[in-house]
Every structure is written in C-alpha cells, then in structure tokens.
Amino acid sequence: MTADDQSRLDRRLLMLPATPRDGTTARDVLWRAGIETELCDSVRVMASEMQRGAAAVMLPEESIGLASQLLTLVIAQQAPWSDLPVLVLTRQGADSADASLAVSALGNVTLLERPVRVATLVSTVRTALRARERQYQIRRHLAELRQADQRKDEFLATLGHELRNPLSPLLTSLELLRPAAATEPVVARVIAVMQRQANHLVRLVDDLLEVSRITRGLIEVQREPVEVAEILAAAVETSRPVIEASAHRLTVDVPDERLTVLGDSVRLTQVFANLLNNAAKYTDPGGSIALTLRRARDTVFISVRDSGIGIDRENLASVFDMFTQVSRSDRRTQGGLGIGLTLVRSLVALHGGSVTASSEGPGRGSTFEVRLPLVAVETASPPAKDRRHGFEGWRVLVVDDNQDATETLQTLLETLGASVAAAGNGREALEEFERFEPDAVLLDIGMPGMDGYEVARRIRALPKGGTTPLIALTGWGQQDDIRRCFEAGFDHHLVKPLDVDRLLEIVVSAGPTMH
Ligand code: ADP
C-alpha cells in the first residue's frame, strides 16, 4: 500500500448506522461538509476497518452491547500515540446502560443525542477529526525521533569500526619498536605510555561497538547452564589488576550451594567485571569492595558494594543510561564513555534479569545489585499466558442464531489466535462439529428449532463428542438453567456478554489434555 492510500484510510470516519437510510443520510450530510464517511454494515467489518486505519468511528448506542468487547479489544491494541475518537449516537432521554458502558470501555467517547442537528453532527465530527490529526502529528514526530535514534546507532557502529582500523597497526608498530627502545630508558618509558593509552583506546572502542551492537539487537547470548560462583571468580580475575592498583580490599562472600543460571558465561563475566571495575574506579585508594552472592527462592542476587564516592539520589536512576556520567569535573583517572553500565543493564536483561543501583549518598559508597533467574525454576514454570495469544492453536466452534453475535465472537477469538468455525443453528452446529473437529464449542442455548441443550446432548452422543469441552453461552444465569446445562452435557456455563478472561481461564485450566 502506498503512503497516499494509507493516509486516505487514516482520514476516514467509519460509521455503523442504525439503519441503512440513517447511514446514507449522514454520509451525504458529511460529504457536503467535506468529510469522507465509510459505512460499515456490521461491528465485525467496523473492527477490521479500524485496524486498517480510521480518523474516528461513529455507531449507535444499540450496537454497543454487541460491539463493546470487540471494539474494546481493538481500541486496547492501539499504538501509544493513538486515542481514536468514538462518537456514539444515543437515544433521547434518560442515560442508558449502553451509553455508560461505551463511555467506560471505549476511551475517547463523545455522546450525541438523536435526533442530531446537522450543524451539531458536522461540528462534532470535525472536532474529532482535528483531535485525530494532532495524534497523527505525534505519530510523525515519534517516527522522526526513532529515525534519528537509528541514525545515531548506525553512526556509533561506523565510528567504532573506523576508529578500530587505525588502532591495530599502531599497536603492532609499538610492539615492533619495543626491543629497539630497550636500551633507551626514556624511549622505553614513552613507548610504554603510548602502549597503555592505545590499549585504553581499544577498550573504549570495543565498548562503543558492543553497545551499538546491543542497541541494534545484534548481540547474541548463548545461554547454557552456568554456575554463578564460577562466573564471579572469572570476573574477579579480570578486575584484579584494577582493584590491586588502587590497593582496595576485596571480600567475596559466596554460599556453598551450587547456583546455576541459564547464561552466556563470557557476557556474564563481562557484567560483573564491569561492576567491579567501576567499584575500584569510583573509590579512593585503599577502599573496600564486597562481592556477595545469595539466593532467595528462584532468584540469585549478586551485589557489588564499595566504600567509594557514592551516587546522589537524583543520579541513581540515570546511571544506566547511555553516555551518562555523574560528574564530569570529578573524573577519575580511568575515564570511560559512560557505556559500561548501559552494557551491564542490557546484558542482564538479555538473561532475563535486572540490575539496580543504590547509595546512601555522596561519599558513602554505592551498591549495584544484579538479579538473575535460577535455572531449575525457569524450566519448571510454564511461561505466563499472554491474553493476546491465549487461544493460539485452538479450534473453536461458535454456535448462535444471532449472526452479529457469532461474527463478533468469531473475530474476537480470531484476534486472540484461535481458528474459528461458526454455525447459526443446531443442525449446522452438528455438521460443523464433525467437519471442523473443534477443541471446544461455545454454544448459545436459546435457538429456534434445536436448542443448545439438545445440540449438546447430540454432540455428546457423537463418537468424537465425548470429551470436547462444551461451553454454554447464555443470557440466563438462573440456578435452574445452569443445572439443565450440566445435565445436557456442558462442562461450563457462561453468561452473556462473554467474559473473555473467564473463557481464557477455562481454556488454560483445560490445558494440554484438550489438544
Ligand atoms: P563510565 O565508568 O565509563 O563513566 P559507566 O556506565 O560504567 O561509565 O558508569 C556511568 C556513571 O555512573 C559513571 O560515570 C559514574 O559517575 C557512575 N558510577 C558507576 N559506578 C559507580 C560506583 N561504583 N560508584 C559511584 N559512581 C559510579
């Protein structure tokens, strides 16, 4: 689709009219005012058109009961910049339940009482369109920001590569000069200085490249079971020269228990070496650094505490941001780019963990604590069900004689990942059951001809119908109706309008045995 096509879709008013005549009248009136209206003949059409793009939607309050769930779902899935205006044409007089449902469920709602004067209709729609136009502006700004951010990341990557190229011949040349300079103490000292500084440059450039790889999602962590104590030992080894150079006292407190996490040992070592280096760097010589490991239930906590310069409250939250350095005037000898902690946070996050900083204040030391999930628990607990994909892989048969109700429900379940077949009466339901072989059936009770009870009994009598979960979806919630449902062979009884979360609970609790 071209940008022009999309912008046309984004500018339309979608209308679900109470009657076809209402629709054409409103469309003509709005057309004369220069507003393009697209009529939708069902809630389902409206919902799918909304996903393609719309400036505002208009519907009569009579449709709300049926539409609210589907529309709420579509509206809930809007991008953060989007707050789609919803215009509801209400009946005259007292406040209705449908109108208040719309106001509470659909967000940015304007109520218009019928009959609506032409001028009122036009000006209300215009206001909605203008509000939407401002949202589109925000969308454009966000896209520009994203682009700028992307360009910055690409620039960092190029910069890193380009800086690295001249560094390696420099280092090699210094290496070659070394023997020749051995007899000249001054030259030897100068070469040693150059070598140290060049090595420092290499580290900075490596950090820069690393962080640009992370922000562009190019870093891979190879996750396998690794023992945390071993990682910490390797990190201490890496940081020992820096710690010893400042004559800090390091204490390591690690329990005997073997604690295993799923991780990339090189990356995790890098995390703790960075934290130890910082502790050494931001502590005056002769300070103390404590590295501790402990476990609480399914999480390991690793903390690096120092007796150093500390961090004041307002900077605590931002130390992990890229290029953040708390105080540029008070730079320690081994300055960095303000990337180390960004790397730490990203790498920890790639391992499913988190990191926090705390400090009692300037001069009172800092503590960095990393949390990582323990491996045994991670494999034992199934991932939490995401509502949006709760029905992924499910085949659901929906039976209702009200076509709008089946269509709405069908779209709702499809949006949640199910494949759905629909039937409008008992006979069709039985045919579809045999053809489609659903994992679950949502069945209306009050249908002309064969009612839901009868359909349930017949499904239960079919060879494949013995165990398929049957869920009654009815307007009736009396004790007696519920009893009749269970007698007819239903497993569950839900009252209309459908509570999607309740349905998901049923599906989840039925679990894999239903597949
Ligand atoms: P860099 O050390 O290269 O400046 P980092 O991302 O590692 O970058 O750290 C960001 C900033 O956080 C540092 O510049 C410093 O101001 C502060 N910081 C980090 N670790 C400590 C610490 N242990 N004690 C006090 N300040 C710290």
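Each ligand, and each atom within it, is numbered from 1 in the order the structure gives. Everything numeric in this text was worked out from a predicted model, so none of it was measured.
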Show me, pair by pair, the donor-acceptor contacts under 3.5 angstrom made by side chains of residues 242-251, not counting sequence neighbours?
| unit_1 | atom_1 | unit_2 | atom_2 | d |
| --- | --- | --- | --- | --- |
| H248 | ND1 | G287 | N | 3.1 |
| H248 | NE2 | A280 | O | 2.9 |

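Remark: R12 engages L9, L14, E38, E49, R52 in a side chain to side chain contact (heavy atoms under 4.5 Å, CB included) (not counting sequence neighbours).
Electrostatic pairing of R240 and E237 counts as a salt bridge here, judged by a charged N lying under 4.0 Å from a carboxylate O. With salt bridges taken as basic N to acidic carboxylate O contacts below 4.0 Å, none links R203 and D206. Using a cut-off of 4.0 Å between Lys/Arg side-chain N and Asp/Glu carboxylate O, R371 and E369 are scored as salt-bridged.
Atom numbering of ligand 1 starts at 1 in the shown order; those under 4.0 Å from a heavy atom of I339 are 6 (O), 8 (O). Distances below 4.0 Å separate heavy atoms of G338 from the following atoms of ligand 1: 1 (P), 3 (O), 4 (O), 6 (O), 8 (O). Atoms of ligand 1 found under 4.0 Å from any heavy atom of V319 (numbered from 1 in listed order, with element): 10 (C), 12 (O). Within the listing of ligand 1, atoms 25 (C) sit less than 4.0 angstrom from a heavy atom of G310.
Of all the heavy atoms of T283, none lies under 4.0 Å from any atom of ligand 1, so neither backbone nor side chain is involved.
Heavy atoms of A357 come nearer than 4.0 angstrom to ligand 1 in no pair at all. Contact between G308 and ligand 1 is absent, with no heavy atom of the residue lying under 4.0 Å from the ligand. The closest approach between any non-hydrogen atom of F320 and ligand 1 is not below 4.0 Å.
Between L341 and ligand 1, a contact under 3.5 Å exists for at least one N or O pair. At under 3.5 Å, a nitrogen or oxygen of Y282, whether backbone or side chain, sits near a nitrogen or oxygen of ligand 1.
For R140, the CZ atom is densely surrounded, since the number of other residues' heavy atoms within 6.0 Å is greater than 12.
Between the side chains of D153 and S212, no donor-acceptor pair of N or O atoms lies under 3.5 Å.
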